[in-house]
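One is the number of the first residue; the rest follow in order along the sequence. Only heavy atoms go into these numbers, but all of them, side chains included; no hydrogens, no water, no symmetry mates. This one's a predicted model, so the numbers in the text were calculated from it and none came from an experiment.
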Amino acid sequence: MRIGGLFPEYPSFIFGSEIKLYIPGSLSQKQATIKMDNVDLTGFEELDFSNTVALFGIYEPIDLIQYKISLDLGFHSTIPVRSPHAVHEELYYRELSEKLTQSRTCEEFVNNIPINFYDENTPLEQADSLYQMFFNYKLNNSKEKLELIQNINHPTAYWVLLKTVLYTKKSSELNKIEKNLIRYFEEESEGYSMPAKFPKQISSIRKKLFNDKESIDH
């Protein structure tokens with residue numbers, strides 16, 4: 001992104017990037033070994049992102065936060081899409097990559113993204129609450145906040161609720177979330193099926209709950 005911002009005469013395209021590094025729960029916080037000072041894009045006023053398109057898969061709270069931060073940086077286009085974190089993988093298995101790689105300008109790139117791949121109901125106002133509930137659940141375990149998340153009909157909220165099941169250990173809640181996800185992607189996702197990451201997570205949680213129950217029974 002910094003290279004693109006330094007050479008705005010050339011179009012740049014970024015996918016699921018971390019606008020702000022080292023946010024708790026982010027991949028950079030978990031894995032990066034580069035320096036931690038003077039690395040945030042928000043600190044480089046000389047960068048020009050007017051010829052850069054940014055895509056964010058906002059089905060995970062950390063990426064929703066990064067998308068929210070990006071809105072103040074003046075990108076040519078900042079697009080929330082129906083995807084978890086790994087936007088490039090989503091583009092690949094939805095057979096969108098080839099067309100996008102043929103884009104030579106930001107306008108072409110944006111026009112080559114199917115309009116129904118845009119997430120038009122992004123829960124931007126609840127981004128901070130979703131993030132806090134996901135990464136600090138034990139600190140934010142209040143009935144009021146949980147009810148707030150439960151009333152958000154969006155995959156990001158369901159992703160947060162899946163994690164709460166690991167604490168509550170209520171298989172009935174897991175079944176309810178699964179049904180809501182299936183309904184959402186059947187009725188409100190405009191032709192885009194549920195990303196594989198969701199059923200994998202549900203299966204993993206269900207297996208853990210079953211193993212925990214077996215341990216208690218014995």
Side-chain angles (χ1 to χ4, degrees), residues 16 18 23-31 56-69 80-87 89-90 93-94 116-218:
E18 293 187 22
I23 292 178
S26 64
L27 289 178
S28 59
Q29 188 252 351
K30 296 175 184 176
Q31 301 175 2
F56 293 88
I58 43 77
Y59 283 175
E60 292 188 39
I62 189 70
D63 299 283
L64 182 57
I65 285 290
Q66 298 287 3
Y67 166 67
K68 182 179 179 180
I69 297 171
V81 296
R82 303 177 186 275
S83 169
H85 175 76
V87 181
E89 293 181 10
E90 194 83 3
Y93 83 71
R94 294 200 187 281
N116 59 339
F117 194 46
Y118 286 63
D119 187 277
E120 296 182 351
N121 298 306
T122 305
L124 198 60
E125 293 182 1
Q126 294 84 22
D128 294 316
S129 295
L130 287 164
Y131 172 79
Q132 291 168 6
M133 282 291 287
F134 191 81
F135 290 105
N136 301 291
Y137 178 76
K138 290 184 178 180
L139 300 177
N140 295 277
N141 185 15
S142 71
K143 183 179 179 181
E144 180 182 354
K145 290 188 177 181
L146 185 58
E147 288 179 350
L148 172 67
I149 304 301
Q150 290 172 333
N151 289 326
I152 301 173
N153 181 31
H154 191 272
T156 314
Y158 294 132
W159 188 254
V160 174
L161 291 173
L162 283 174
K163 188 170 184 179
T164 67
V165 173
L166 290 173
Y167 294 97
T168 62
K169 301 187 182 301
K170 294 180 179 179
S171 57
S172 59
E173 285 298 312
L174 180 63
N175 295 335
K176 181 180 178 181
I177 296 166
E178 183 178 29
K179 289 179 181 178
N180 285 336
L181 276 167
I182 292 172
R183 181 200 53 75
Y184 182 92
F185 284 102
E186 286 179 348
E187 300 176 2
E188 302 185 40
S189 191
E190 299 184 55
Y192 283 88
S193 58
M194 188 187 307
K197 194 164 188 175
F198 284 98
K200 285 181 181 178
Q201 180 72 345
I202 291 170
S203 178
S204 174
I205 294 173
R206 184 168 281 131
K207 184 177 180 181
K208 187 176 189 309
L209 293 180
F210 177 80
N211 288 338
D212 288 348
K213 184 178 183 300
E214 286 284 293
S215 298
I216 294 172
D217 291 342
H218 288 88

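Here the shortest heavy-atom pairing between Met194 and Ile182 reads CE-N, 3.7 Å. Residue Val165 comes nearest to Leu209 through the heavy atom pair CG1-CD1, 3.8 Å, listed as atom of the first residue, atom of the second, then distance. Taking both residues in full, the closest heavy atoms of Leu130 and Thr156 are given as CD1-CG2, 4.1 Å, listed atom of the first, atom of the second, then distance. Closest of all the heavy-atom pairs between Phe185 and Pro155 is CZ-CG, 3.8 Å. Residues Tyr67 and Ile58 share a closest heavy-atom pair of CB-CG2, 3.8 Å. Considering every non-hydrogen atom in both Val160 and Pro61, the closest pair reads CG2-CG, 3.6 Å.
Counting heavy atoms of neighbouring residues, nucleotides and ligands inside a 6.0 Å radius, atom NZ of Lys170 does not exceed 12 of them. With a 6.0 Å radius and a threshold of 12 heavy atoms from other residues, nucleotides or ligands, Glu125 has its CD atom at or below the threshold.
One N or O on the side chain of Glu18 and one on the backbone of Leu27 form a donor-acceptor pair closer than 3.5 Å. Proximity of a side-chain donor or acceptor of Ser204 to a complementary backbone N or O of Gln201 within less than 3.5 Å is not detected.
In this structure, Lys176 and Leu161 have side chains that are not in contact, with every pair of non-hydrogen atoms separated by 4.5 Å or more. You'll find the side chain of Met133 stays beyond 4.5 Å of the side chain of Leu148, heavy atoms only. With a 4.5 Å cut-off on side-chain heavy atoms, Val87 and Phe56 do not count as touching. Looking at Trp159 and Phe134, their side chains come closer than 4.5 Å, going by heavy atoms from C-beta outward. Counting heavy atoms from C-beta on, the side chains of Gln126 and Leu64 never come closer than 4.5 Å.
Between the side chains of Asn153 and Glu188, at least one donor N or O lies within less than 3.5 Å of an accepting N or O. Side chains of Asn116 and Arg82: a donor-acceptor N/O pair is absent below 3.5 angstrom, by distance only.
Note that CD of Glu60 is 12.0 Å distant from CD of Gln66, once rounded to the nearest 0.5 Å. Put simply, NE2 on His154 and OH on Tyr184 are 4.5 Å apart, with the number rounded to the nearest 0.5 Å. The OH atom of Tyr59 lies 9.5 Å from the CG atom of Leu181; values are rounded to the nearest 0.5 Å. Atoms CG and OG1, on Leu146 and Thr164 in that order, are 6.0 Å from each other to the nearest 0.5 Å. Distance OG/Ser26 to CZ/Phe135: 8.0 Å, rounded to 0.5 Å. To the nearest 0.5 angstrom, Lys68 atom NZ is 12.5 Å from Thr122 atom OG1.
With sequence neighbours left out, the ring-ring contact (aromatic ring centres under 6.0 Å, His included) criterion links Phe117 to Tyr192.
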